[in-house]
Trainee: 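Here it is, the structure, as structure tokens.
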Amino acid sequence: MIDIKLLRDNPDLVRASQRSRGADESLVDSVLAADEKRRTSLQEFEALRGQQKSVSKNVGAAMGALNAAKKKGEPTEDLERAAQQARDDATTLSARVKELEQGAAEAGRDFESRLKQLDNVVLDGVPPGGEDDFVELEKVGEPTRFDFEPLDHLALGERLGAIDMERGAKVGGARFYFLTGVGARLELAMLNMAVAQAVEYGFTPMITPTLVRPEIMDGTGYLDAHEDVYHLPADDLYLTGTSEVALAGYHKDEIIDLADGPRRYAGWSTCYRREAGSHGKDTRGIIRVHQFQKVEMFVYCKPEDAVAEHQRLLAWEREMLGKMELPYRIIDTAAGDLGGSAARKFDCEAWVPTQGRYRELTSTSNCTTYQARRLNTRFRTEEGRTEPVATLNGTLATTRWLVAILENHQQADGSVVVPKALQPFLGLDVLKPL
RNA sequence: GGAGGCGUCGCCUAGUCAGGUCUAUGGCGCCCGCCUGCUAAGCGGGUUUGGGGCUACAACCCCAUCGAGGGUUCAAAUCCCUCCGCCUCCGCCA
């Protein structure tokens, strides 16, 4: 949810943002109109409610006087008449107040549902346009070259006894897999390495719920893309596609202390995605699967620190990729390809030799105060006011990384060299075919 | 799955049975001031959150807020219903 004050003061900024996303610009005016209506009906209701309260108080006073007189045995006729009169006045008002109250509530709901439809305002410098309009910021390393015909990650994985797609499909269906033997060990080693790095930089490691309530899923903005989210109707719970969801919900309805700097969490969770819109894409291997593991960084910070923090998250992702000795590039995602919550997003894409192109391994988003407004997470400013915090997230490692690791570090005999930094976590320096 | 208890403005707590100066009590903590060799103590004041009005985003005024949402009523912390959460006991289960 964006700041309604920003929208009132600077609607053109929001219009421009919607335009660069390719989203609906007219939503801006519909929100402004709904805001106007909400405030008018609220004022009407509140004015009459004030009247009703004071009249109702007269009833209380009249009843008190009447009861006192009865107790003393004094004549009560006048008092009874006065009490009845006050009650009648109040009854008339009451009906009208109820009407106005419902009108105000309705206007409030209408306003909020419209406001929620607006995506976050993109930051200065974000390239306009869609998926293909990203800007490449930097290339790190050179695409790996081989003096033999490289195998793809699945062929390698099968030879190493690391990946079993066939039995994955038997058990879970398409896009499910087993990691076996060194495959399972490799993933655990990588994830542990990611957590170790996070801890080194002061993150609190977290193992999070992967089933969440609707309001949490909605608060992070993922419910807008609900066709990609697993839902358990019997319990009305959602399976999370990233621990970001649980970590964003962690401080819902709280006023957190940011006086000592940002709150940094590293969430480890299994992630579930329906991949409903990607039938036929990446059907081979573990590039795009329904279930995978991820270590995710999540940060709560003051809004004015968010841009700098975003760069830090990117730097931590780069450090991980560097330790995996992978060639990659960094892209500045175009506005139309941002999630509704993000104001800017940088992806790191690693070179996948058998595809001859770069594929996303990490993604870091600055959601500014957008998620925090929906989830009601605030901090106290030095002046003592409460304000929404900024939230950011970024990937430290996922199952998909195994694709890049296997393919880039393969040798002619089908073995795979383990990156130096990973060796202590895995306890192996090379993976050999069975 | 069954039975019972509980949820009050940071923490604890009074109020709920018998609806009406509840404009929610008191303590702790915290903030400001006074007093004071220093510290402590003492004294006085302040201290939920959200929204609206008016504005200097101040002060002030108004509305809502007693887990959440409905209902009854002139009037709800208080009565009724639904939901959520916590605790205890029983049952079942990795």
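Just so we're on the same page: letters track the sequence lines, and every chain starts at 1. What you see below is based on every heavy atom in this structure, not just the backbone, and it leaves out hydrogens, waters and symmetry mates.
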Trainee: Suppose we define a pair by two distances each less than 3.5 Å, Watson-Crick or G-U wobble; what does B:A3 pair with here?
Mentor: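 In the structure as shown, B:A3 has B:U88 as its Watson-Crick or wobble partner.
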
Trainee: Compute the ring centroids of A:Phe298 and A:Tyr300, then answer whether they are less than 6.0 Å apart.
Mentor: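 Judged by ring-centre distance (under 6.0 Å), A:Phe298 and A:Tyr300 do meet the cut-off.
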
Trainee: On a heavy-atom basis, which atom in A:Arg21 and which in A:Ala342 lie closest, and how many Å separate them?
Mentor: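 That closest heavy-atom pairing would be NH2-O, 2.7 Å.
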
Trainee: Is any side-chain N of the basic residue among A:Lys294 and A:Glu296 closer than 4.0 Å to the acidic one's carboxylate O?
Mentor: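 Result for this pair is yes, salt bridge flagged.
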
Trainee: Tell me whether the side-chain N/O atoms of A:Arg378 come closer than 4.0 Å to OP1 or OP2 in B:U49.
Mentor: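 For A:Arg378, the contact criterion (side-chain N or O under 4.0 Å from OP1 or OP2 of B:U49) is not met.
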
Trainee: Give a yes/no answer on whether the side chain of A:Thr92 brings an N or O atom under 4.0 Å of OP1 or OP2 in B:C74.
Mentor: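 Indeed not, no polar side-chain atom of A:Thr92 lies that close.
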
Trainee: Check this one for me: any side-chain N or O of A:Arg49 less than 4.0 Å away from OP1 or OP2 of B:A64?
Mentor: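 The answer is yes; a side-chain N or O of A:Arg49 sits under 4.0 Å from OP1 or OP2.
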
Trainee: When all nucleic acid strands are considered with a 4.0 Å heavy-atom cut-off, which category describes A:Lys53: base, sugar-phosphate, or nothing?
Mentor: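 A:Lys53: backbone/sugar contact only, no base atoms under 4.0 Å.
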
Trainee: Does A:Arg39 make a side-chain N or O approach to OP1 or OP2 of B:G53 shorter than 4.0 Å?
Mentor: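 Checking A:Arg39 against B:G53: at least one side-chain N or O falls below 4.0 Å of OP1 or OP2.
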
Trainee: With no hydrogens and no angle check, just 3.5 Å: does a side-chain donor-acceptor pair link A:Glu44 and A:Ser41?
Mentor: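 On atom types as modelled, these side chains do not qualify, holding no pair under 3.5 Å.
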
Trainee: Please measure how far the P atom in B:C92 lies from the corresponding atom in B:U78, and state the result in whole Å.
Mentor: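 To the nearest whole Å, 39 Å.
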
Trainee: Does a side-chain N or O of A:Ser56 approach OP1 or OP2 of B:G20 to a distance below 4.0 Å, or not?
Mentor: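 Checking A:Ser56 against B:G20: no side-chain N or O falls below 4.0 Å of OP1 or OP2.
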
Trainee: Choose from B:A64, B:U49, B:U73 the nucleotide whose nearest atom is closest to any side-chain atom of A:Lys98.
Mentor: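 The listed nucleotide nearest to A:Lys98's side chain is B:U73.
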
